Amino acid sequence: MVVSVGSVTITGQLTTGVPVTGSTAVGGVGNATPSVNVTQTFAITVAAASGYGGGNKFYVDGAEAPTGTLNEGSTYLFDQSDSSNSGHPLRFSTTSDGTHNSGVEYTTNGTPGNAGAYTQIVVASGAPTLYYYCTNHSGMGGQVNTP
């Protein structure tokens, strides 16, 4: 069975030294703008989990692996330019823990941890519950509801 969750764009380093801010990246060599208007941007960092047992977790706008909500028809940008993202590609799946739990990855490779790195997702109408995860390490992500 094939399930569509919308379109996803992964972009690694747009241009050396070009940070992403909001929906436009501005740098010394010109402007780079994602292909659609972004509804919301989330800052992604990676750090040790706060609870017993350790291990790294994705932090979304400073919150440890939160359950989030993404609205159908909206576009979201997950800014992975913080150096803590290096080696922790953020991906989405309809299966909890994604490919670590026999799920299918709905995104492609990016270059997290470099200036300008981001994951962008457009949530399709009727999209199922999604899960974000790290392709390299199990247990880092969380759930995203799509009402």
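In what follows, residues are counted from 1 in the order of the sequence shown. Everything quoted here is computed from the prediction, not taken from an experiment.
Linking Ile, Leu, Val, Met, Phe, Trp and Tyr whenever their side-chain heavy atoms come within less than 4.5 Å puts M140 and I121 in one cluster.
When all heavy atoms are compared, the tightest approach of N71 to P147 is OD1-CG, 3.9 Å. Contact between E72 and S125 at its shortest, heavy atoms only, is OE1-CA, 3.8 Å. In terms of heavy atoms, G87 sits closest to C134 at O-SG, 4.2 Å. Annotation for T129 and V144: closest pair CG2-O, 3.6 Å, computed over non-hydrogen atoms.
For the pair K57 (side chain) and G139 (backbone), a donor-acceptor distance under 3.5 Å is present. S81 places no side-chain N or O within 3.5 Å of a backbone atom of G116 that could act as its donor or acceptor partner. No donor-acceptor pair closer than 3.5 Å links the side chain of T39 to the backbone N or O of S74. Side chain of Q143 to backbone of T67: no donor-acceptor contact under 3.5 angstrom is found.
There is no side-chain donor-acceptor pair under 3.5 Å between D79 and T41. Y59 and E64 share a donor-acceptor pair across their side chains, judged by distance under 3.5 Å alone.
Partners of Y131 under the side chain to side chain donor-acceptor pair (under 3.5 Å) rule, at least two apart in sequence or in another chain, do not exist in this structure. Looking at residues two or more places apart in sequence or on another chain, you find a side chain to side chain donor-acceptor pair (under 3.5 Å) between S84 and D82.
A distance of 8.5 Å separates OH of Y133 from OG1 of T95, quoted to the nearest 0.5 Å. Atom-to-atom distance recorded for D61:CG and T45:OG1 is 9.0 Å, nearest 0.5 angstrom.
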Exercise for the section: Evaluate the side-chain contact (heavy atoms from CB on, under 4.5 Å) criterion for residues I44 and V60: first the C-alpha distance (whole Å), next the side-chain angles of each, then the deciding distance (0.1 Å), finally the verdict. Expected result: CA-CA 5 Å; I44 305 299; V60 181; 3.9 Å; yes
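Between Y76 and F92, the gap from one ring centroid to the other reaches at least 6.0 Å.
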